[in-house]
Amino acid sequence: MNVPFLDLKAINARHAAELKAAAARVIDSGWYVLGDEVKAFESEFATWVGSPHCVGTSDGLSALILALRGWKELGLLKDGDGVAVPANTYIASILAITENRLRPVLVEPDEETFNLGAKKLAAVLTPDVKAVLAVHLYGQLADMPAIAQLCRERGLLLLEDAAQAHGAHIGGVKAGAWGDAAAFSFYPGKNLGALGDAGALTCKDAKLAEMVRALRNYGSHEKYKNLVQGPNDRLDELQAALLRVKLKHIDADNARRREIAARYRREIKNPAVCLPSVRAGEDSHVWHLFVVRVPDRAAFQQRLLDHGVHTSIHYPIAPHHQQAYAQSLGHLKLPLTEAIHREVVSLPISPVMTDAQVEQLIKVANLA
Ligand SMILES: *Cc1c(COP(=O)(O)O)cnc(C)c1O
């Protein structure tokens with residue numbers, strides 16, 4: 001039996017009729033950019049997250065960039081300010097910081113969850129660090145109760161990279177509702193995936209929402225008037241209409257992901273496979289990725305592949321080891337981050353996996 005890493009075709013085929021009707025509605029409307037579909041999606045997504053404001057963007061990276069850019073335009077950050085960020089994040093989190101001429105302050109993650117923890121974060125907070133970018137890596141909320149409290153005490157801005165964590169919550173407070181602002185990606189493979197690129201910012205402050213709304217559209221608050229200089233980072237009507245369909249199914253999809261993760265965690269018993277741990281209750285994780293740590297990664301992946309199970313790596317190279325950051329971050333020694341990048345393997349997990357596929361994976365992962 002073949003177990004693909006991710007079957008996007010199957011994921012969207014479940015909603016083909018609804019998606020085609022939504023696309024037809026946009027095609028027939030004659031209005032394709034910044035219209036009623038974007039407005040409706042922003043309002044529906046803000047309600048679902050539990051955040052007062054949502055601004056659709058072209059992708060997740062632009063949402064991250066514009067959140068920080070908005071704070072700069074509002075005078076809350078300036079060139080050279082430090083932004084604390086987990087060292088083992090996806091490169092986009094770091095790009096958003098450097099793109100704004102801010103300084104990434106890399107923090108080693110918590111050893112158990114691979115997420116940002118309050119203790120190691122507190123240790124890097126020098127006076128020039130003005131903001132924290134917490135990443136909910138693999139779908140698990142970072143330790144947000146402690147991180148949010150620390151940010152309040154120190155007067156730091158708190159941005160969430162929620163690109164992998166749509167719907168994860170602690171005590172009913174979801175990813176995207178903890179920080180001053182949060183960025184979501186709706187890249188097709190994410191838990192809430194568009195059929196192309198799309199993203200969104202959620203935030204608490206109406207002024208930031210207004211600024212990012214202008215920034216995504218050339219810096220224009222009002223047609224033909226530009227108060228600030230901005231890019232074109234708009235969410236389009238077609239993706240917004242498709243996302244409105246997908247949003248209706250995200251809770252069921254996340255429930256199925258949790259069911260599969262629970263079986264993996266119960267039934268994978270190979271001592272060489274270090275299973276992911278969940279810190280703040282089952283609801284705090286939506287299992288965008290199911291990441292295990294194995295000492296001999298290449299052999300493990302090959303063995304699974306020999307039995308038809310496709311795996312992936314998130315991520316093989318740490319940001320500070322990327323050529324793009326050789327000059328500025330290449331000198332850093334981050335042993336835990338480096339070990340994580342050497343040893344992690346992502347097992348297939350998705351709402352369209354069948355029980356038979358789940359069982360096949362468990363059987364193969366347990367082979368010595
Ligand atoms: C996917 C992702 C992003 C970037 O989102 P795009 O929509 O691809 O630009 C940012 N951060 C993390 C953690 C991601 O997984």
Side-chain angles (χ1 to χ4, degrees), residues 5-6 8 41 45 54-69 83-100 104 106-107 109 113-116 131-142 144 158-168 175-176 178-179 181-202 212 215-216 231-236 239-240 242-243 246 250 254 257 276 285-291 312-319 322 324-325 337 340-341 344 346 349-350:
F5 183 70
L6 182 63
L8 284 176
F41 174 70
F45 191 67
C54 173
V55 183
T57 58
S58 51
D59 51 77
L61 175 58
S62 62
L64 282 168
I65 291 175
L66 294 185
L68 294 169
R69 177 87 182 269
V83 180
V85 63
N88 60 320
T89 185
Y90 180 55
I91 190 101
S93 325
I94 315 286
L95 289 169
I97 296 169
T98 55
E99 184 68 21
N100 276 296
L106 302 188
V107 188
T113 60
F114 300 179
N115 258 334
L116 186 63
V132 172
L133 175 43
V135 183
H136 309 310
L137 202 63
Y138 309 146
Q140 178 165 211
L141 277 176
M144 295 314 283
L158 176 55
L159 176 59
E160 297 170 71
D161 181 338
Q164 302 187 353
H166 321 75
W178 285 94
F184 287 88
S185 166
F186 308 119
Y187 182 77
K190 301 287 159 90
N191 287 33
L192 179 59
L195 279 74
D197 276 311
L201 168 112
T202 56
V212 171
L215 279 170
R216 73 172 172 187
N232 175 349
D233 283 343
R234 300 178 298 233
L235 173 63
D236 67 67
Q239 294 305 333
L242 299 171
L243 281 166
K246 300 287 296 280
I250 174 87
N254 281 344
R257 286 174 185 272
H285 209 320
V286 289
W287 302 102
H288 172 58
L289 297 168
F290 191 95
V291 176
S312 188
I313 298 176
H314 299 88
Y315 299 92
I317 304 174
Q322 294 286 356
Y325 288 111
T337 293
I340 288 171
H341 284 79
V344 288
S346 305
I349 187 163
S350 98

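Ligands are counted one by one from 1 in listed order, and the atoms in each one are counted from 1 as well. Everything numeric here is computed off the predicted structure, so don't read it as measured data.
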### Task
With sequence neighbours excluded, tell me which residues meet side chain to side chain donor-acceptor pair (under 3.5 Å) with Asn254.
Asn191
### Aromatic contact, His314 with Tyr138 (centres under 6.0 Å)
no
Could you tell me, for ligand 1, which of its N or O atoms are under 3.5 Å from any protein N or O, listing the pairs and their distances rounded to 0.1 Å?
{"unit_1": "ligand 1", "atom_1": "5 (O)", "unit_2": "Ser185", "atom_2": "OG", "d": "3.2"}
{"unit_1": "ligand 1", "atom_1": "7 (O)", "unit_2": "Gly60", "atom_2": "N", "d": "2.7"}
{"unit_1": "ligand 1", "atom_1": "7 (O)", "unit_2": "Ser185", "atom_2": "OG", "d": "2.6"}
{"unit_1": "ligand 1", "atom_1": "9 (O)", "unit_2": "Gly60", "atom_2": "N", "d": "3.3"}
{"unit_1": "ligand 1", "atom_1": "9 (O)", "unit_2": "Leu61", "atom_2": "N", "d": "2.9"}
{"unit_1": "ligand 1", "atom_1": "11 (N)", "unit_2": "Asp161", "atom_2": "OD1", "d": "3.3"}
{"unit_1": "ligand 1", "atom_1": "11 (N)", "unit_2": "Asp161", "atom_2": "OD2", "d": "2.7"}
{"unit_1": "ligand 1", "atom_1": "15 (O)", "unit_2": "Gln164", "atom_2": "NE2", "d": "2.8"}
{"unit_1": "ligand 1", "atom_1": "15 (O)", "unit_2": "Lys190", "atom_2": "NZ", "d": "3.0"}

### Query
If you draw a 6.0 Å radius around OH in Tyr90, do more than 12 non-hydrogen atoms from other residues or ligands fall strictly inside?
no
### Summary
So CG of Leu159 and CD1 of Ile97: to nearest 0.5 Å the spacing works out to 8.5 Å
### Task
Among Asn115, Thr337, Val135, Asp161, find the one that has a side-chain contact (heavy atoms from CB on, under 4.5 Å) with Pro86.
Val135
### Message
A quick test of your reading: do over 12 heavy atoms of other residues, nucleotides or ligands sit less than 6.0 Å from CD of Glu99?
### Response
no
